[in-house]
Amino acid sequence: MPSQQPLLSVENLSKSFSGIRAVDDLTFAVERGEILGLIGPNGSGKSTSIDCITGFARADQGSVLLDGKRLTGARAEQIAQAGLSRTFQNVRVYDRLTLMENVLIARQAYDGVPWWQALAGTQACRGAERRASERGRELIHLVGLATMSAFPAAFLSYGQKKLLALAMALMSNPKIVILDEPLAGVNPTVIRRIGGLIQSLNSNGQTFIIVEHNVQFIMEHCSRVVVMEQGRKLAEGPPSLIKEDERVLHAYLGKADAVAMELAFHGQ
Amino acid sequence: MAAASMNSPWPPLRRLGLSACAVILFTLPLWSPSDYITGIATLAIFFAVASTGLNVVYGYAGLLSFAQVGFWGLGAYVSALLVTDHGFSPWTAIGCAGAVCVFTSLAGGLAALRVSRDAFVVITLSFSLLLQLLARSWTSLTRGAMGIPGLPSPQVRLGDAILLDGNTASGFYWIALGCGALVVAATWWLLRSRVGRAFVAVNLDENLARSQGISVFLHQLSAFALSALIGGLAGALYVFKLGIVDPGIFDIYYAQMMLIIVIVGGAGHFWFVLLMSFVFTALPELLRLAPELRMILFGLVLIITIQFMPQGLGGYLADRRNRMLRRTE
C-alpha cells in the first residue's frame with residue numbers, strides 16, 4: 001500500500017536573523033513524484049527555508065518530516081542520509097578532484113560500508129565501490145560529461161559544474177532532490193539540458209524541489225508552485241493558477257497587468 | 001588553504017622513482033661511506049614519518065596543527081618512562097606511546113574541533129607549548145631539564161638470534177626503515193581508501209561534504225587522531241636513537257622542520273612530502289651549514305616556495321600536468 005502522507009512536510013517553519021524574520025510560519029508539503037517550484041523575489045526567504053529544511057541553518061520553530069520521520073534539529077549530514085539531497089545556489093564541486101572522484105564521494109556515505117571495512121578493503125567495500133563507479137559513470141553520461149570524467153572538475157565551465165552538481169545530488173538515490181537556483185549563471189543550452197534531465201528523472205519517479213528565479217522555467221516544469229514573499233507563503237497551487245494570481249504579480253513587479261504577467265511568466 | 005589532490009602527477013615517473021628510492025633506501029647502509037651518513041638517513045626517516053602525520057591532518061584534512069611536535073614529544077616521553085620506570089620492552093612501550101597519543105588527541109580534538117579552524121591552530125600550538133612546560137616543570141615524573149638518560153636500543157630478534165641490533169648505526173637504520181615503511185604504507189593505504197577521500201572532501205568544501213552525508217567533525221577528529229598516532233610512534237622510536245629524552249624533544253626545530261617539509265613538498269601530496277623529508281634533512285648536513293645558516297636557508301626556501309609554488313612542489317607539478325591535459329583536451 002503506498003503511503004498517503006506527503007513525502008515531505010514542512011510545518012510552521014520560522015527563522016529570524018537579528019530580529020528580522022527571514023522565514024515566517026512557512027508550511028507546505030511535497031508529494032511523491034512531483035516537482036515543486038519555490039519562487040519569490042530576492043530576500044523572500046527561499047534559500048533560508050531550504051537551509052533550515054536541509055539542516056544548514058537551525059530553525060527557531062516549526063518541524064520538518066521526511067517520509068514520516070522527524071528531521072527537525074538533525075544535522076545536515078543526518079538529513080542527507082535520511083534521503084534529502086541538495087545542490088547550492090553558488091555551485092559547489094570539488095575542483096581539484098576528477099569528475100568520477102566527485103561523484104564517488106557523493107555516494108560513499110550511503111552504502112552502509114563501515115569505516116573499518118573501508119580500511120580493510122573488504123569484498124563488501126569493493127562491491128560498493130564497483131556499484132558506485134557504475135552509477136557514477138551512468139550519471140556523468142546522463143548529464144553529458146562522459147568525455148570529461150577523468151579530468152579535474154576545475155576544467156568545467158560554470159554550467160557544466162551545475163550539471164556535475166546535479167549528478168552528485170543524484171548519486172545517493174535520494175527521496176527528494178532540492179535544486180537551489182540551478183539555472184543561475186547558466187546559458188540557454190544548459191538550461192534546456194537541465195530542464196530535460198529534470199523531466200526525464202521525474203518521469204522515473206524522482207521528486208524535486210526547485211528554487212529558482214526563472215519563473216518561466218518553473219511554470220514549464222513544475223506541477224505545483226509555492227510563492228514566498230518577505231518570509232511568508234504568499235500563494236500555492238498549480239502553475240496555471242499562480243500565473244493568474246495578482247498578489248504574485250505585485251510581489252514580482254509591483255503591478256498586476258497583462259504586460260507584467262507576460263514579462264514575469266514568459267520572459268518577453 | 002592547503003592543497004589536496006587525489007590525482008598523482010606523473011604516474012609512470014612516480015612508479016620508476018619509487019622503485020629506485022626503495023632500492024637506494026634498503027641498501028643504503030651497505031654502500032654508505034660512514035655511520036654519520038647512515039645516521040642522517042635515519043633522521044630523515046623519522047622526519048618522513050612525522051611529516052606524513054602532519055600531512056594527513058593538514059594536507060588532507062585541511063587542519064593546520066602545531067600539535068604534531070607535541071605528540072612526537074609525548075610519544076617520546078611515554079615510551080622512555082615505560083621502559084625506564086616500568087620495565088617495558090621498547091616495542092611494547094612504543095605501542096603504548098601510540099595509544100596514549102591517540103587517546104590524548106581524541107580527548108583534545110573533541111573540544112578543539114568544535115571551534116573555528118583558526119582557533120584550532122592556536123589550541124594545538126598551546127598544547128605543544130604546555131607539554132614542553134610540563135616536561136620541564138614536572139620534575140618528579142620527567143626529571144625536568146636533566147631528562148631521562150640511558151635508554152636501551154631496540155632489537156629485532158628471532159628466538160635467541162638478534163636479527164637487527166639498534167646499537168649499531170646500520171641496525172637502527174634498518175629498524176627505523178622497516179617501522180617507517182610500515183607506517184607510511186598503512187597511511188598511504190588509508191588515504192587511498194574512501195576514508196582518505198572523505199578527508200579530502202572535508203578539506204575542500206565542508207558544506208558540500210555535509211550535504212553528502214559526510215560527518216565533518218568525525219573525519220577531522222579521525223585525521224587528527226591518525227596524525228597523533230603517527231607522530232607519537234615516530235617520537236617513541238626516535239627517543240631510542242637519542243638514548244635520552246629531555247624537554248628539547250618539543251623544540252621548535254622539529255615543528256618547523258615538519259611544517260617546511262609539508263609546505264615545500266606540497267600539502268596533500270603524499271610522495272613529495274616524503275621526498276622533501278630527505279632533502280631537508282640531508283641538504284644542510286651535506287652543505288655543512290651552521291645551525292643559524294640552516295634557518296636562513298630554510299627561510300629563503302620557504303619564501304621562494306610560497307612566492308612561486310604556493311601549493312608546494314607537488315601542487316606545482318600537478319598544476320602543470322593539468323595545464324598540459326587542458327591543452328590536449
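On a predicted model such as this, the values are computed, not experimentally measured, just so you know.
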Looking at A:E129, A:M168, A:R107, which has the largest count of heavy-atom pairs under 4.5 Å with chain B?
A:E129

Are the side chains of [Y] and [X] in contact, using a 4.5 Å heavy-atom criterion?
| X | Y | answer |
| --- | --- | --- |
| B:L325 | A:F155 | yes |
| B:V200 | A:L97 | yes |
| A:F56 | B:R210 | yes |

Where is the tightest heavy-atom contact between [X] and [Y], given as atom of each residue plus distance?
| X | Y | answer |
| --- | --- | --- |
| B:L208 | A:V93 | CD2-CA, 3.7 Å |
| A:I105 | B:A201 | CG2-CB, 3.8 Å |
| B:S211 | A:F88 | OG-CE1, 3.6 Å |

Rounded distance [0.5 Å steps], CG in A:D51 versus CG in B:N207
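Here the interatomic distance stands at 8.5 Å.
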
Contact part of A:A169 toward chain B, heavy-atom cut-off under 4.5 Å: side chain, backbone, both or neither?
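Nothing of A:A169, per the 4.5 Å heavy-atom cut-off to chain B.
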
Sort A:M171 into side chain, backbone, both or neither according to what part of it lies under 4.5 angstrom from a heavy atom of chain B.
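Neither the backbone nor the side chain of A:M171 comes within 4.5 Å of chain B.
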
Part of B:A186 lying under 4.5 Å from any heavy atom of chain A
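Neither part; nothing is under 4.5 Å.
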
Within a 6.0 Å radius of atom CD on A:Q123, are there more than 12 heavy atoms belonging to other residues, nucleotides or ligands?
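Counting neighbours around CD of A:Q123, 12 or fewer heavy atoms of other residues, nucleotides or ligands fall under 6.0 Å, so no.
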
Crowded around B:F120 CZ? As in, over 12 foreign heavy atoms under 6.0 Å?
yes

Salt bridge (charged side-chain N to carboxylate O under 4.0 Å, His left out) assessment of A:R92 paired with B:E206
CA-CA 10 Å; A:R92 287 174 185 264; B:E206 280 187 20; over 6 Å; no

Using a 3.5 Å cut-off and no angle test, enumerate the donor-acceptor pairs between side-chain atoms of residues 96-116 of chain B and protein atoms at least two apart in sequence or in another chain.
unit_1, atom_1, unit_2, atom_2, d
B:T104, OG1, B:V100, O, 2.6
B:S105, OG, B:C101, O, 3.3
B:S105, OG, B:V102, O, 2.7
B:R114, NE, B:L110, O, 3.1
B:S116, OG, B:A119, N, 3.2

Who pairs with B:F46 by ring pair (Phe, Tyr, Trp, His ring centres under 6.0 Å), at least two apart in sequence or on another chain?
B:Y238

Listing, residues 110-120 of chain A side-chain donor-acceptor contacts under 3.5 Å, not counting sequence neighbours, or none:
unit_1, atom_1, unit_2, atom_2, d
A:Y110, OH, B:Q212, O, 3.2
A:D111, OD1, B:R194, NH1, 2.8
A:D111, OD2, B:R194, NH1, 3.3
A:D111, OD2, B:R194, NH2, 2.9
A:Q117, OE1, A:T122, OG1, 3.1

Taking heavy atoms only and a threshold strictly under 4.5 Å, list by residue number the residues of residues 69-86 of chain A that touch chain B; give 'none' if the list is empty.
A:A76, A:E77, A:A80, A:Q81, A:R86

